[in-house]
Amino acid sequence: MSPIKLLAQFFHLERKDFLRSPSFDTSLVILILMGLGALYFAVVFVGLGIGIYFIAEEVAPQNPFGWINQGIWVFWLADLIFRYMGQKMPITKIKPLLSMPISKSNIVVFSMLKSVVSPFNWLYLFLWIPLYVVLLQQDLDPVGVTTWILGVSVLFLANNFLNLWANNSPWVFGIAFGALVIAGAGKYFELFDLKAVSGGLFEAFYQTPATLLAAVAWLAFLVWGSHRFFLAGMFLDDRFSVKAEVARTTKMAWLDSMGRMGIFLKNDLRLIARNKRAKMAVLTGVFFLFYGLLFFTNAIEVYQGAYWKVFAGIFVTGGFLFSFGGFVPSWDSSYYPLMMTQKITYADYLKAKWWLIVWATLASTVLASFYALMGWEVYLAVLAGAAYNVGINAHLVLLGGAFVKTPIDLTSAKKAFGDKQAVNLKTMLIALPKIALPMGIYALGQWIWDAQGGYLLLIGLSLLGFGLRNPVLGWIERIYKKEKYDTIQAYKPKS
Amino acid sequence: MIHIEQLSKSYSGTTVLDIETLQIPSGTALGLVGNNGAGKTTLFSCLLDLIKPTQGHITNRDLRVDQSEAWKDFTSAFIDESFLIGYLTPEEYFSLIASLRTVPQSEVDTLMEELAPFFNGEVLGQKKYLRDFSKGNQKKVGIAATLIGKPSVVVLDEPFANLDPTTQFRLKDLLKKIASQGDTTLLVSSHDLNHVTEVCKRIVVLSKGKVIQDLETNPSTLAALETYFAQQVPDASIG
């Protein structure tokens, strides 16, 4: 088969994979959301492309073009970092292809081509083209401007391959990271001036058109290198073999005294300790602890209102509640049928999860004591947030869980944020009161009495919610039972 | 006694299970055979209340499985990997199941000793999580766990598949022993006619969701089944 025909065949398979995937509806929604995001960036880029030269004229009237060249390295670096975080080597499902009469090289070429059509690349057209048009109208050499714009776009495209390579090879990542550290240190100790280096480098594309060849050579080197790297790595035992970890068993006997709930708690603690995805959720909770600093230090002006303090109080103590609790019962999705056939009542199951969430919230509250240093009012907001999380939000996340029907792949750390469940309308509706409602309750109390009254009203209602725990959990249990068959069906592994 | 009456399951108009009546007295070892798509796993899933039948219901010891949960006290099953917890070691998994069924750890240890030949030294003390075991060894763990606490109803979907020949023979002996004791209702589905006729005293043949044959096992059963399956012709209406 000719390479072109082969590529066409690959794209054909890719299209079917998308259209026939079991989660087609949700992928479509995500695609639309991504489309809107891309549209946003396209607009911003067009604006930037048109505007940047005129901004430069304002800032550096003597040499606007030189100013752009001096600053462009920041943009280039940001591009690389964003790619590193967001752009992965597109996965071609190669397992069934490996034994086919297709050269491995072609499979790699296809994957790399696929990476080129990523928005990380084509969105830049919205920046470079307007910028090129604007620059042509200035008092600059048109040939130089042409080689300049080509050189810049080649360097940004090269980031595509640099990222793919660095993302998969610790060596390349190390070298790139080392280079960044050296550059950073150089700037910090004023050994050399990145602005001048960048200015000189990019200016060269304009002054000496032949330097374009150097950029192309850099791109070619990265394409060649990453192609070689992926080709060498394309064996089943390299990419797909399971690296068995040595199991460590802790008895956790202290939980045995807690009866049936202790059984579940023990299992949940093992779940968290042994799975990347669950560890990430706990880590997110820890990050949330410091989220309040943004609000309470008045670092950001729009966050200074009292309502935002309530908002922060909820977030500071509720990190685990949102990141872990929000995905109950999906944590157990891979063995849900087992749970459903054992002597397990939803009541015990839910209560164990509830305790786990409450413990974590209390632990966060203790850890968040340092906010007391910022005044008793800040601390009151944290305490009120904690009370609301325990008294009301703990119920709400469990309620939302009845409608979470996205299985979780425990072993993968990716996708821990912004999962598909984000587009589930029902869970969104239940998520709203978790944050908006306490702000409203506070506002009501503040309106009737004063700020303290607002916090006290919040705490009072939370105590009421806490007191009603058993009937509320009983009600949630009935919803779980009703959703049982749908949930089992949704958690079935889809190949 | 498991009692199935007028049970049917259809997905958007296609009937995958349609059983008029099927009684399984307590202590029976029943083998379920049939080609792919015959409805074996669907029947088991209905029995375990994992899917809701379109019509009819199943009672397990007079308990309607979709209304009561008490049948879970004396029923155990291994259908597929979703009955295993990947991040536990086999030992932890067994003690989790034991504690859920309120079985003392000592009883688990005794059972594990009895199962040593079946495990063939590849399950216990491996310092590995279940997700890192091979499919065959995962299956051994899943089957072993169904025996914890001597449940009176044991459901195994394709227990022989994925096992190496030695383990298949040992599993067959194990199941035969359980069947001969006569106090366990054993439901086994299999594509291996040889094994299943040896283990089970009664064989039910399913085809497209219907019970086609219901035989007491005797020396000629295997031959009869082989003839039946050899004569199956592709059905033009399916596809």
Side-chain angles (χ1 to χ4, degrees), chain A residues 241-253 255-256 258-264 266-279 331-349 407 409-411 481-482 484-489 491-493, chain B residues 9 11 41 44-53 65-67 69-93 95-103 105 125-134 142 145-146 148-149 151 153 155 157:
Chain A
S241 69
V242 188
K243 289 178 205 84
E245 30 181 338
V246 178
R248 288 159 288 115
T249 298
T250 35
K251 281 245 173 330
M252 295 194 270
L255 281 169
D256 290 342
M258 291 191 67
R260 291 192 77 74
M261 244 174 38
I263 304 172
F264 293 116
K266 196 189 271 189
N267 206 49
D268 280 337
L269 292 180
R270 282 179 175 150
L271 167 86
I272 292 170
R274 295 175 184 177
N275 294 289
K276 277 187 204 147
R277 181 62 203 274
K279 273 189 218 161
W331 296 109
D332 301 309
S333 62
S334 63
Y335 46 89
Y336 210 62
L338 172 79
M339 309 281 279
M340 291 299 108
T341 49
Q342 295 298 324
K343 242 171 98 178
I344 294 171
T345 59
Y346 267 122
D348 284 334
Y349 175 81
D409 177 8
L410 284 170
T411 47
K481 272 190 186 152
K482 223 176 80 190
K484 174 183 161 180
Y485 302 105
D486 285 346
T487 310
I488 293 173
Q489 179 63 31
Y491 284 163
K492 263 196 191 152
Chain B
K9 176 74 189 171
Y11 291 102
T41 308
F44 284 165
S45 300
C46 284
L47 174 65
L48 298 167
D49 194 36
L50 293 174
I51 58 176
K52 209 174 169 54
V65 294
D66 56 336
Q67 288 175 350
E69 292 194 63
W71 56 268
K72 292 177 182 173
D73 297 356
F74 54 84
T75 308
S76 73
F78 184 68
I79 305 291
D80 54 25
E81 296 96 80
S82 66
F83 283 68
L84 296 173
I85 301 182
Y87 55 82
L88 297 182
T89 64
E91 290 88 346
E92 288 169 350
Y93 176 70
S95 41
L96 172 76
I97 301 289
S99 53
L100 287 174
R101 294 192 195 141
T102 51
V103 172
Q105 184 64 39
Q126 299 292 302
K127 288 189 184 294
K128 271 201 300 188
Y129 298 128
L130 279 172
R131 59 182 172 220
D132 296 330
F133 277 86
S134 71
T146 59
I148 293 174
V153 178
V155 182
D157 196 16

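Proteins get letters first, then strands, A, B, ... in listed order; numbering begins at 1 in each. Because only heavy atoms are used, hydrogens play no part in the values below, and waters and symmetry mates are left out as well, while side chains stay in.
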- line: Rounding to 0.5 Å, atoms CZ (A:R274) and CD (B:E92) come to a distance of 4.0 Å
query: Among B:F83, B:Y87, B:F78, who wins on heavy-atom pairs under 4.5 Å with chain A?
result: B:Y87
statement: One should read off an interatomic distance between B:W71 CH2 and A:T341 OG1, to the nearest 0.5 angstrom, of 6.5 Å
- prompt: Would you say B:K72's side chain and A:M340's backbone share a donor-acceptor pair under 3.5 angstrom?
  reply: yes
field: Which atoms of A:R270 approach chain B - backbone, side chain, both or neither, heavy atom under 4.5 Å
entry: both
Chain B contact via A:I488 - side chain, backbone, both or neither, heavy atoms under 4.5 Å: side chain
field: Value rounded to 0.5 Å, distance of CZ in A:F264 from CG in B:L100
entry: 5.5 Å
Point-to-point distance, once rounded to the nearest 0.5 Å, from CD of A:Q342 to OG1 of B:T75: 10.5 Å
query: What part of B:F74 lies closer than 4.5 angstrom to a heavy atom of chain A: side chain, backbone, both or neither?
result: neither
message: Would you compute the distance between atom OG of A:S334 and atom CG of B:L84 and round it to the nearest 0.5 angstrom?
response: 9.5 Å
message: Just to verify, what does A:T487 make a side-chain contact (heavy atoms from CB on, under 4.5 Å) with, not counting sequence neighbours?
response: A:Y336, A:K405, A:E483, A:Y491
- prompt: So, A:K343 side chain and B:T102 main chain: donor-acceptor pair closer than 3.5 Å or not?
  reply: no
field: Distance, nearest 0.5 Å, that separates CG of B:L130 from OH of A:Y335
entry: 12.0 Å
message: Apply side-chain contact (heavy atoms from CB on, under 4.5 Å) to residues B:L88 and A:N267 and explain how you reach the verdict.
response: CA-CA 9 Å; B:L88 297 182; A:N267 206 49; 3.6 Å; yes
- request: In sequence, state the C-alpha distance, the side-chain angles, and the governing distance for A:N275 and B:Y129, and then conclude on side-chain contact (heavy atoms from CB on, under 4.5 Å).
  value: CA-CA 11 Å; A:N275 294 289; B:Y129 298 128; over 6 Å; no
- request: For B:D157, enumerate each residue passing the side-chain contact (heavy atoms from CB on, under 4.5 Å) test, keeping only those at least two apart in sequence or located in another chain.
  value: B:T41, B:F44, B:I79, B:S189
- request: Tell me, for B:D80 versus chain A, whether the close heavy atoms (under 4.5 Å) come from the side chain, the backbone, both or neither.
  value: neither
- prompt: Is chain B contacted by the side chain of A:K481, its backbone, both, or neither, given a heavy-atom distance below 4.5 Å?
  reply: side chain
